[in-house]
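In what follows, a structure is listed as structure tokens, so that the remarks can point back to it.
Computed from a predicted model, the values in this text were never measured in an experiment.
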Amino acid sequence: CNLSLAYSEAITNGQKSKGTIHGGIVAALVDTAAAFALSTSFDGRMSFATVDMHVNFLHRAQTKVYAHAKVIRKGSRLNVCDVDVMDENGKHVAKATVNFILTKPMEGNNLVI
């Protein structure tokens, strides 16, 4: 899954940060990209939840950022995604691993309980 996030002053840590995007915003992008990558593995027929996310922040994000997520382990319960976040200058902003647990299969638009 490839996602991008446009730069905006509203998502920075303020003027003292020299326009650096808040790490929580980058982490949300990571989690979202990983979830979309995993959802393609089940054609939308499985429910899952993030159980662990580890993000290494490598450089300040001060431009539009791009997340590239791929599933590196597709299991019967535990699934793992690898995510790289780059800025528009090609600088590696963050490296992350996201673990998801499969919950219940989806039936139509409803979770089977």
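At a threshold of 4.5 Å between non-hydrogen side-chain atoms, the residues Tyr7 and Ile21 count as touching. At least one side-chain heavy atom of His92 sits under 4.5 Å from a side-chain heavy atom of Asp84.
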Item to check | His68 and Asn2: CA distance, side-chain angles, deciding distance, side chain to side chain donor-acceptor pair (under 3.5 Å) verdict | outcome: CA-CA 5 Å; His68 173 71; Asn2 294 301; 2.6 Å; yes
Checklist entry - Can Phe57 and Val93 be said to form a side chain to side chain contact (heavy atoms under 4.5 Å, CB included), step by step? => result CA-CA 6 Å; Phe57 296 99; Val93 171; 5.6 Å; no
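The nearest pair of heavy atoms linking Ala67 to Ala33 is CB-CB, 3.9 Å. In terms of heavy atoms, Ala69 sits closest to Ala37 at O-CB, 3.8 Å.
Here the straight-line distance linking atom CG of Leu102 with atom OG of Ser41 works out to 9.5 Å at 0.5 Å rounding. Within the model, atoms CG of Leu38 and CG of Asn79 stand 5.0 Å from one another, a figure rounded to the nearest 0.5 Å.
Considering only residues two or more places apart in sequence or on other chains, Lys18 meets the side-chain contact (heavy atoms from CB on, under 4.5 Å) condition with Arg60, Gln62. Asp82 is linked by a salt bridge (charged side-chain N to carboxylate O under 4.0 Å, His left out) to Lys95, counting only residues two or more places apart in sequence or in another chain. Looking at residues two or more places apart in sequence or on another chain, you find a side-chain contact (heavy atoms from CB on, under 4.5 Å) between Asn99 and Val51, Asp52, Leu78, Val80, Thr97. Residues satisfying the ring-ring contact (aromatic ring centres under 6.0 Å, His included) test with Tyr66, not counting sequence neighbours, are none. For Ala34, the side-chain contact (heavy atoms from CB on, under 4.5 Å) partners two or more places apart in sequence, or in a different chain, are Cys81, Val83, Val98, Phe100. Taking Asn56 as the reference, His54 meet the side chain to side chain donor-acceptor pair (under 3.5 Å) condition, with sequence neighbours excluded. Partners of Gln15 under the side-chain contact (heavy atoms from CB on, under 4.5 Å) rule, at least two apart in sequence or in another chain, do not exist in this structure. With sequence neighbours left out, His59 forms a side chain to side chain donor-acceptor pair (under 3.5 Å) with no residue at all.
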Identify every side-chain donor-acceptor pair in residues 22-32 under 3.5 Å, counting partners at least two apart or on other chains, and give the distances.
{"from": "His22", "atom 1": "ND1", "to": "Gly24", "atom 2": "N", "distance (Å)": "2.7"}
{"from": "Asp31", "atom 1": "OD1", "to": "Thr50", "atom 2": "OG1", "distance (Å)": "2.8"}
{"from": "Thr32", "atom 1": "OG1", "to": "Ala28", "atom 2": "O", "distance (Å)": "2.8"}

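Between the side chain of Asp87 and the backbone N or O of Lys91, at least one donor-acceptor pair lies under 3.5 Å. The main-chain N or O of Glu88 is found under 3.5 Å from a side-chain atom of Thr63 such that the two form a donor-acceptor pair.
In the hydrophobic clustering, Met86 connects to no other residue, as no ILVMFWY side-chain heavy atoms lie under 4.5 Å from its own.
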